[in-house]
Structure formats: structure tokens, C-alpha cells
2 protein chains.
Amino acid sequence: MPKIQSKKNSTKKEVIIEKAAKLFMEKGFGAASMRDIAEAVGVEAASLYNHIQSKSEILQTICFKVANEFISHLEVVEMSNETILKKMEIIIRFHIRMMLDQYEYIYISDHEWRHLTEPYLSNFLNQRRSYRKRLGDIIEDGIQKNELKKIDSYVAVLTMLSAISGIESWQRSRKTTSAETLESSMVKYLIEGLKK
Amino acid sequence: MPKIQSKKNSTKKEVIIEKAAKLFMEKGFGAASMRDIAEAVGVEAASLYNHIQSKSEILQTICFKVANEFISHLEVVEMSNETILKKMEIIIRFHIRMMLDQYEYIYISDHEWRHLTEPYLSNFLNQRRSYRKRLGDIIEDGIQKNELKKIDSYVAVLTMLSAISGIESWQRSRKTTSAETLESSMVKYLIEGLKK
DNA sequence: CGAAAAACCTAACACTTGTTAGTTTTGCTT
DNA sequence: AAGCAAAACTAACAAGTGTTAGGTTTTTCG
């Protein structure tokens with residue numbers, strides 16, 4: 001029977017990854033040491049290796065967990081019977097929500113993937129390229145159906161995605177700008193620039 | 001008389017910073033070692049210290065060079081007699097151009113500033129906050145003058161800036177998407193979402 | 001040329017890195 | 001209470017970190 005940890009119904013491995021994520025975000029993957037992570041978990045560095053195989057594995061877990069969530073969601077949207085505009089809105093909202101709910105994981109997957117080692121690095125980049133391609137296809141579909149402004153679909157995808165994933169610096173002013181304001185304002189900005 | 005280096009009319013210090021920038025971008029500030037930088041310059045690690053004071057100084061130089069360029073430009077735009085919409089377009093175009101011309105420096109200033117040490121870190125963050133505030137003020141001015149859509153100005157600034165600074169991944173597909181296409185498509189996207 | 005200055009080199013420092021080995025403690029099941 | 005496995009510990013490793021000291025070569029310039 002799998003070992004279940006005290007708090008939060010989470011494995012110790014999950015606790016380690018969670019604490020590591022926070023540190024990777026604050027100091028960067030390279031600058032956050034195993035001893036830092038161990039201290040955050042409340043244990044000696046060597047003890048971490050009872051639960052994980054390497055520092056790299058932590059980064060891999062985080063990056064692919066995020067990638068898989070986005071790909072799964074995209075699959076659902078692609079299959080759905082919504083208008084193109086609605087599809088785009090759904091995707092944008094999903095990205096913003098992910099950013100708000102799982103800020104640290106998303107941040108790491110966005111900024112620290114460079115430190116992945118092969119073959120994980122290539123794998124990750126392939127998945128990302130494919131995701132963007134499929135998003136671009138949706139937009140081109142929308143242009144052809146005359147639902148969207150005529151715009152370079154690749155640039156539009158990049159603009160959209162980076163606009164959303166750059167909300168990092170918003171995080172600390174959560175008090176002055178609520179999540180709802182952020183989401184609705186951003187959707188408004190990003191969608192009304194697309195609508196014909 | 002100041003020492004002038006062989007190629008490109010640049011000081012050796014500038015060469016070091018240039019090479020370091022490339023490495024900081026590829027591997028991150030923490031993972032790029034002085035010995036890596038030295039090798040790129042074609043010299044031993046210790047010799048670097050004839051031209052710079054520390055690894056930190058390189059990062060500081062890059063971050064504040066970028067910050068100053070943006071602030072200077074903003075000052076000019078603020079003083080000008082353009083419409084608000086035109087002002088925003090000028091700023092957006094400037095950001096995109098900077099991204100294309102000085103990709104490495106901008107990338108580092110955007111992503112590696114976390115590794116600045118005090119008091120430079122606080123200083124940098126203050127400058128950034130002030131820049132965004134002033135950009136937000138322009139937008140609010142535009143809303144009041146009925147030139148722009150009614151939108152949360154802070155969210156708009158963040159959306160705009162992060163959309164632009166996230167073009168990192170575009171860099172390697174320069175062949176398929178020209179700089180002109182990128183700039184015009186992006187301006188179209190970002191401006192027409194603002195125009196009333 | 002000859003001297004001063006600038007730039008470079010080798011060697012070393014004190015410290016941190018990820019990780020392994022071997023041992024001891026913890027906590028559950030019989 | 002005994003036994004067993006999981007998980008913690010201490011100690012150490014080889015390699016890499018930024019940086020300094022001191023000596024040697026190269027460049028500059030009168």
C-alpha cells in the first residue's frame with residue numbers, strides 16, 4: 001500500500017516538489033540547491049534521495065505535469081462544438097486560471113525549462129511547438145470562417161500566450177487587482193483585438 | 001586616452017559583457033560560470049578581473065543599461081504632442097524594436113534581474129514599478145480623453161509589456177516570420193484591442 | 001630603446017555543488 | 001516484544017564556484 005503523508009493527503013515526494021518549486025521560482029533552478037530544498041522540507045539533503053532520484057527529476061516532473069495539463073485541455077476544446085471565438089476565450093481563460101491557481105509550476109515550466117537535460121529538453125520543446133501549432137490552426141480556421149480579424153496566426157498565438165504567462169509581476173499586487181478584474185480585463189483586451 | 005579594442009570599436013569590458021550576456025541567456029546567470037565567460041572571450045578566468053569588478057557587476061550593467069534606455073525613451077514620448085493612441089503605438093514599436101535589436105540584453109533584464117544583489121535589486125524594481133506606473137497614467141489619460149477603450153490600465157500595461165517581452169521563442173523562427181510582419185501584426189493586435 | 005602600465009597567466013583559497021555509502025532511527029505489522 | 005522496511009542521519013567524494021595574490025608577458029609611448 002502506498003505511503004500517505006500526514007498533511008494535505010500528499011506524498012512526501014509531492015511535498016518535496018512543492019517546496020522545490022517555490023525555491024526554483026525565487027532563486028532559479030541553478031541557484032536553488034538541494035540543501036535549500038532539504039531545509040524547506042525540514043530534512044537533511046541526503047534524505048531527499050529516498051524519495052526522488054535527482055534534482056533534474058524534480059524539474060522534469062514539474063515541466064511535464066504542466067505541459068500535459070495544457071495539452072489535455074486543448075484536446076477537449078478542439079473536439080467541442082463552440083464558435084472559434086468562444087474556443088479562443090475558453091483557452092485564454094484556462095491559461096489565466098492556471099496562472100492564478102498554479103503560479104509556481106507554470107512559472108517554472110515557462111522559465112526554467114532550459115535546464116532540462118536531454119532527451120527531456122527536446123521532448124518538452126516538441127510538445128510546446130505542437131501546442132502552439134494547434135492553437136495557430138484554430139485561429140486560421142477562424143480567419144477562414146470570417147470569425148476573426150485577418151492577422152498572422154503565429155504572431156497572434158505568441159502574443160496571446162506571452163501576454164498571459166507574463167503576469168508574474170502581477171502576483172504581488174493581488175490586493176489592488178482582484179483575480180476577477182484581471183481575468184475579465186485581460187480577456188477583453190485579448191479578445192476584442194481579435195474580433196472582427 | 002581610453003583603450004580602444006580591435007574589432008567593432010568596443011572596449012574589452014564591452015566584449016566581456018556581450019559574451020557574458022549570451023551565456024546568461026543560454027544557461028542562466030547562476031549556471032554560467034566565470035570560466036565559461038572567460039573561454040568565450042578567449043582568456044583565463046582570472047584575467048577578466050582586469051576589466052570588471054565582479055560577476056554581479058556584469059548583471060548590473062546589463063539590467064540598468066536596459067532600464068535607462070526605456071526610461072529615456074518614455075520621457076521623450078511623454079513630452080511629445082502626439083495623440084494618446086499614437087503615443088502608445090510609439091512605445092509599443094520601441095519595445096518591439098528593442099526586443100529585435102538587443103534581444104539578449106532585454107531578455108536578461110527581464111528574466112535574470114532576480115539575481116541582482118542589494119541595493120541594486122531594490123533600485124531596479126523601483127525603476128520598473130515607476131515605468132509601469134507612468135505607462136498606466138498615459139492609458140488612463142487616454143481613457144479620460146475618450147480616446148481609448150475603458151479598461152483596467154494596470155492590466156493593460158502588464159498585458160502589453162509581457163506580450164512583447166515574451167517574443168523570446170520567436171527568435172529562432174526568424175526565417176519564417178520577418179521582423180516587419182512581426183512588428184506590424186503585433187501592433188495591430190495590441191492597438192486595435194485598445195482603440196475605441 | 002627603455003620604462004611604465006596594462007593585460008595576461010598559473011596557482012591557490014575557501015566554499016558550495018549534487019550525489020553516494022554506510023549507519024541509525026522510526027513506525028508499522030505480526 | 002520482535003522483526004522489517006522506510007526514512008532519516010552523518011560523513012565524505014569529486015568537481016566546480018567566484019575571487020585573490022603574485023609573477024610574467026605584451027603593449028603603449030616618450
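Chain letters run A, B, ... following the sequence lines, proteins first, then strands; residues in each count from 1. Small disclaimer: the values here were computed from a predicted structure and weren't measured.
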Over how many whole Å does the gap from [X] atom [atom1] to [N] atom [atom2] extend?
| X | N | atom1 | atom2 | result |
| --- | --- | --- | --- | --- |
| A:Ile37 | C:dT17 | CD1 | P | 11 Å |
| B:Phe29 | D:dG18 | CZ | P | 8 Å |
| A:Leu48 | C:dG18 | CG | C1' | 11 Å |
| B:Tyr49 | C:dC9 | OH | C1' | 15 Å |
| A:His51 | D:dC9 | NE2 | P | 11 Å |

At less than 3.5 Å, do the side-chain atoms of B:Asn50 and the base atoms of C:dA6 form a donor-acceptor pair?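 Not at all, since no donor on one side and acceptor on the other fall under 3.5 Å apart.
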Got a donor-acceptor pair under 3.5 Å from the side chain of B:Arg35 to the base of D:dG16?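 Absent.
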Between A:Phe94 and A:His73, how do the two ring planes meet: parallel, tilted or perpendicular, split at 30° and 60°?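 Parallel: the ring planes of A:Phe94 and A:His73 meet at under 30°.
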What orientation do A:His95 and A:Tyr131 show, parallel under 30°, tilted 30 to 60°, or perpendicular over 60°?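 Plane angle between 30° and 60°, so tilted.
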Counting only side-chain heavy atoms from C-beta out, which of [options] sits nearest to [X]?
| X | options | value |
| --- | --- | --- |
| B:Ala46 | C:dA7, C:dT20, C:dC9 | C:dC9 |
| B:Met34 | D:dA8, C:dC8, D:dG18 | D:dG18 |
| A:Glu44 | D:dT10, D:dT19, C:dT19 | D:dT10 |
| B:Val43 | C:dC8, D:dA8, C:dT19 | C:dC8 |
| B:Ser47 | C:dC9, D:dC9, D:dA8 | C:dC9 |

What nucleic acid atoms does [X] come within less than 4.0 Å of, heavy atoms only: base, sugar-phosphate, or nothing?
| X | answer |
| --- | --- |
| A:Ala38 | nothing |
| B:Ala31 | nothing |
| B:Ser33 | sugar-phosphate |

A:Ser122 versus A:Glu118, side-chain donor and acceptor atoms under 3.5 Å: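 Yes.
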Would you find a donor on one side and an acceptor on the other, under 3.5 Å apart, between the side chain of B:Asp141 and the backbone of B:Asp137?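 Checked: no pair found.
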Donor-acceptor pair, B:Asp36 side chain versus B:Ser33 backbone, under 3.5 Å?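 Looks like yes, one N/O pair under 3.5 Å.
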Considering just the side-chain nitrogens and oxygens of A:Lys55, establish if one lies under 4.0 Å of OP1 or OP2 belonging to C:dT17.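 Negative; the distance criterion is not met.
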Less than 4.0 angstrom between a side-chain N/O of B:Lys12 and OP1 or OP2 of C:dA6, yes or no?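 Looking at the OP1 and OP2 atoms of C:dA6, neither is under 4.0 Å from any side-chain N or O of B:Lys12.
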